[in-house]
J.: 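Let me begin by handing over the structure; questions about it come next.
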Number of protein chains: 2
Amino acid sequence: MTAAVPDGPDADLSKADLVHRRLKEEIELGELAPGTPLSELSLVERTGASRTPVREALRRLAAEGLVDLVPRQGARVSRVSLQSVRDLFDFRGLLEPAAIRQATEAAGADPELRRAFSSMRGEFVRIQRRAPSQARSRAFYELADRFDWAVIGATRNEHLRRTIAELRPHTARLRNLSHVDPQRVDVSVAEHLVICDAVLGGDADEAARRTAEHLAQSVATIFRNLASGPGAGLDLN
Amino acid sequence: MTAAVPDGPDADLSKADLVHRRLKEEIELGELAPGTPLSELSLVERTGASRTPVREALRRLAAEGLVDLVPRQGARVSRVSLQSVRDLFDFRGLLEPAAIRQATEAAGADPELRRAFSSMRGEFVRIQRRAPSQARSRAFYELADRFDWAVIGATRNEHLRRTIAELRPHTARLRNLSHVDPQRVDVSVAEHLVICDAVLGGDADEAARRTAEHLAQSVATIFRNLASGPGAGLDLN
DNA sequence: GTATGCGATACTGTATACATCAACGAGTAC
DNA sequence: GTACTCGTTGATGTATACAGTATCGCATAC
């Protein structure tokens, strides 16, 4: 339940911002399943805001590809197809190696950034040593998220930075809609470690190559899992 | 002057769409210079629409990076800095070679698409043979535009396609804000011809390489021109 | 039983009134 | 002369009323 106090920590955020953020989170977490209709009036009831900010939030989500908007018909949570997963990861495979390259160069010139990557490397090692468990998986994904954001933050090119940031909710949603393979965590931790080493070693090419490999492995795992047990709320077409 | 008839060819487009398109064109053409304030009320007067569609158009333009939106302060046409030009072309250099690769593969399987590229190749040759003139330059840019849209249309990956399409207004604006170098047209025509040949020959790698080269040449020319004569309405910082 | 037409319903698209806030300038105290 | 306060102005943020339209169910004709 969101606090209804007039002066929360988000006092300077507009209602449109709040509605946008809330819906984005719910879509990311899979609480709003793909295909769910989102009529403006129902959102007015659910959020307490009026139609104007709700409308703006929906348009923004549509621009990010999280919502499909049909003129004079309404909005639905966007669907996830096998093709869209392929497209997403192919595109990330194009962008993220370039981003990690920029991040590697930035780390070479910025001791603080290097410290941050070094610190995350230590955390990956600690996670690697833990026994498999739900908590460990959660800790890993939380850390992997921080790692990704660090890379995004170190990406100089604004277009590249914004585009990658915009893809993140799609990836996160996919993870939350499909089953997580505990086996995958071990491999993924190892992949992140190798990338960390390349970044800290200043080897941009190596970092880029390993990032591309990591993405290829990720999408392969996802497709394997989808083939065995169909994830909840995914259209398989 | 836009027709004011109630049932034009755009009868099914919403006013928000119309305002958005109109402003986008004016920004692209440089009629609205970078930094121009765009208050909602002034746009209401200019466009005849009410604040709601105007607002939506502004938000959309902001999402596309053509307008800067400061909360509780207003909107301005986004500024163009040297860094933003570098970022734009670096990013295009990442995306467009990948797109032309997909287009080349698509052309290999689609005779009609191949015919389209072949036809445009012929037009490039005809332009090459003309004597330099304003009209020739205009014809070239119009054709180059069609060529780019053909590539975009042949790009399978939806993320890639949409992202490239979103960058086009930025490139167009740059061209319209800076002086066009007639010398450049000859070189650029030749570069397009080489790319056409690679596409028609089914050599995706070659097409990608030539596209990257073409972009590098383009940005180099732009910087040279900016260094000599500062283009109208550009912030040089 | 099936298909077609009509009407009720609920939604989006638009306009506009109101609330709130930042920027600017006049006036005054010092 | 300078700095500060306060009121004015015009902008955005929000709420809501109204208009137009797609959709769905039901009745009716065949």
Side-chain angles (χ1 to χ4, degrees), chain A residues 2-24 27 32 35-79, chain B residues 2-24 27 32 35-79:
Chain A
T2 316
V5 289
D7 302 278
D10 311 324
D12 56 339
L13 269 70
S14 73
K15 295 209 177 188
D17 290 329
L18 294 173
V19 173
H20 170 75
R21 194 177 62 183
R22 173 170 165 184
L23 287 179
K24 190 159 136 186
I27 294 174
L32 287 172
T36 305
L38 296 175
S39 90
E40 295 178 0
L41 220 60
S42 70
L43 292 176
V44 164
E45 288 178 17
R46 275 189 44 195
T47 63
S50 79
R51 269 190 69 203
T52 307
V54 163
R55 227 181 127 72
E56 185 177 323
L58 281 178
R59 307 316 251 244
R60 240 187 277 176
L61 291 168
E64 297 166 12
L66 292 172
V67 153
D68 289 334
L69 218 51
V70 183
R72 278 179 220 86
Q73 189 165 347
R76 307 178 88 85
V77 178
S78 70
R79 301 191 178 269
Chain B
T2 316
V5 288
D7 303 278
D10 313 322
D12 57 340
L13 269 69
S14 72
K15 297 208 175 184
D17 290 329
L18 294 172
V19 173
H20 169 76
R21 193 177 63 183
R22 173 169 165 186
L23 287 178
K24 189 158 136 185
I27 293 174
L32 287 172
T36 306
L38 296 175
S39 90
E40 295 178 359
L41 220 60
S42 69
L43 292 176
V44 164
E45 289 178 15
R46 275 190 42 196
T47 63
S50 77
R51 268 191 70 202
T52 307
V54 163
R55 225 180 128 72
E56 184 175 324
L58 281 178
R59 306 316 250 243
R60 239 188 278 177
L61 291 168
E64 296 167 11
L66 292 173
V67 153
D68 288 334
L69 218 51
V70 182
R72 279 180 216 87
Q73 191 166 346
R76 309 176 88 85
V77 179
S78 70
R79 302 189 177 271

J.: Taking it one step at a time, do A:Glu56 and A:Arg60 satisfy salt bridge (Lys or Arg N to Asp or Glu O under 4.0 Å)?
T.: CA-CA 6 Å; A:Glu56 185 177 323; A:Arg60 240 187 277 176; 3.1 Å; yes
J.: B:Thr36 side chain to B:Leu32 main-chain N or O, any donor-acceptor pair under 3.5 Å?
T.: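 Checking the backbone N and O of B:Leu32 against the side chain of B:Thr36, no donor-acceptor pair under 3.5 Å is found.
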J.: Would you give a per-nucleotide map of nucleotides 7-15 of chain D, 5' to 3', where B means the base has a protein non-hydrogen atom under 4.0 Å away, S means only the sugar-phosphate does, and - means neither?
T.: ----SBBBB
J.: Measure the distance from CD on A:Glu45 to C1' on C:dC11 and round it to the nearest whole Å.
T.: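 That distance rounds to 13 Å.
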J.: When you measure from the side chain of B:Arg76 to the backbone of B:Gly35, do you find a donor-acceptor pair of N or O atoms at a distance under 3.5 Å?
T.: yes
J.: What I'd like to find out is whether the side chain of A:His20 reaches to under 4.5 Å of the side chain of A:Glu64, using heavy atoms alone.
T.: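 Yes. Closest side-chain heavy atoms under 4.5 Å.
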J.: Could you go through the side-chain contact (heavy atoms from CB on, under 4.5 Å) check for B:Val54 and B:Lys15 one step at a time?
T.: CA-CA 8 Å; B:Val54 163; B:Lys15 297 208 175 184; over 6 Å; no
